[in-house]
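First comes the structure, then the notes that go with it.
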Amino acid sequence: MTPDLPNWAILAISFLLVVAGFFAFTGSLGLLRLPHFYSRIHAPTLGNTLASFCIVVSILIMASVTEHRFVAHSLLVSFFLIITSPVTAMLLMRAAIKRELRRGVEERTKAEKTPSTQTES
């Protein structure tokens, strides 16, 4: 059973859901097509955050119109989604940077320890 929604609410909800689908799709494409880890992690994080925000706002509009009062549950959900997704991406990027630095230091120390193969004349 679908509730009777005013036309403005149907249009706003539909628009937000289409925009959310676009953001999620472009974030997924970015994950597949971008060349290295840092750009690959950025695209889905941004797309995921924007898509989830649009979906939660559409839920907020629908719940508020059907309940005839402001429903704040979806605001809490959006707050946690908007906070946790970028923080997770930031932690993954920091771990990757530290891993690359550690690998670079190990390669330099190996290069310094190996004797040179030059012959002395």
Side-chain angles (χ1 to χ4, degrees):
M1 179 177 170
T2 58
D4 293 327
L5 294 173
N7 287 338
W8 67 268
I10 292 171
L11 288 174
I13 292 168
S14 301
F15 176 74
L16 286 169
L17 290 176
V18 168
V19 169
F22 174 75
F23 284 139
F25 181 70
T26 55
S28 299
L29 280 180
L31 179 65
L32 294 174
R33 301 286 297 168
L34 291 173
H36 55 82
F37 174 76
Y38 301 107
S39 58
R40 266 190 245 139
I41 194 79
H42 179 69
T45 301
L46 188 62
N48 178 29
T49 303
L50 292 172
S52 63
F53 181 73
C54 289
I55 289 171
V56 169
V57 170
S58 67
I59 292 170
L60 180 71
I61 292 171
M62 184 172 172
S64 296
V65 169
T66 57
E67 297 287 325
H68 301 295
R69 63 184 173 86
F70 183 71
V71 179
H73 296 101
S74 58
L75 286 178
L76 290 173
V77 171
S78 67
F79 174 75
F80 289 121
L81 282 173
I82 290 170
I83 296 298
T84 57
S85 183
V87 169
T88 304
M90 180 188 67
L91 292 174
L92 283 171
M93 284 188 248
R94 281 187 180 178
I97 289 170
K98 287 182 181 181
R99 184 176 184 185
E100 283 182 2
L101 290 174
R102 189 178 311 138
R103 187 180 313 155
V105 168
E106 288 174 359
E107 288 175 1
R108 275 186 254 129
T109 56
K110 281 183 184 178
E112 291 173 359
K113 287 183 180 179
T114 58
S116 62
T117 57
Q118 296 176 350
T119 57
E120 295 181 23
S121 355

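This structure is a prediction, so every number in the text was calculated from the model and none was measured.
The hydrophobic clustering, which links ILVMFWY residues whose side-chain heavy atoms are closer than 4.5 Å, places Ile97 and Leu92 together. Leu31 and Ile41 fall into different hydrophobic clusters, where Ile, Leu, Val, Met, Phe, Trp and Tyr residues are linked whenever their side-chain heavy atoms come under 4.5 Å apart, directly or through other members. Hydrophobic clustering keeps Phe22 apart from Leu17 (ILVMFWY residues linked when any side-chain heavy atoms are closer than 4.5 Å, directly or through intermediates). Residues Val57 and Trp8 share a single hydrophobic cluster, defined by chaining ILVMFWY side chains whose heavy atoms lie under 4.5 Å apart.
In this structure, Ser64 contributes its side chain and Ile61 its backbone to no donor-acceptor pair below 3.5 Å. Panel note: side chain Ser14, backbone Leu11; no donor-acceptor pair is recorded below 3.5 Å. Panel note: side chain Arg40, backbone Pro35; a donor-acceptor pair is recorded below 3.5 Å.
Phe15 CZ: 12 or fewer foreign heavy atoms inside a 6.0 Å radius.
A distance of 10.5 Å separates CZ in Phe53 from OG in Ser58, rounded to the nearest 0.5 Å. Atom CG of Leu16 sits about 10.0 Å away from atom CD1 of Ile55, to the nearest 0.5 Å. To the nearest 0.5 Å, the span separating OG1 on Thr88 from CD1 on Ile83 amounts to 11.0 Å. Distance check, rounded to the nearest 0.5 Å: CD of Glu106 to CG of Leu101 gives 11.5 Å. In this structure, CE in Met62 is found 10.0 Å from CD in Glu67, a value given to the nearest 0.5 Å. Here Thr45 contributes atom OG1 and Met93 contributes atom CE; the two are 6.0 Å apart, rounded to the nearest 0.5 Å.
Between Ala96 and Phe37, the closest heavy-atom pair is CB-CE2, 3.5 Å. Here the closest heavy-atom approach between residue Thr84 and residue Phe80 is recorded as OG1-O, 2.7 Å.
Between Ile13 and Val65, the closest side-chain pair of non-hydrogen atoms is not below 4.5 Å.
Checked options Cys54, Pro86, Pro44; the residue passing with Thr49 is Pro86 (criterion: side chain to side chain contact (heavy atoms under 4.5 Å, CB included)).
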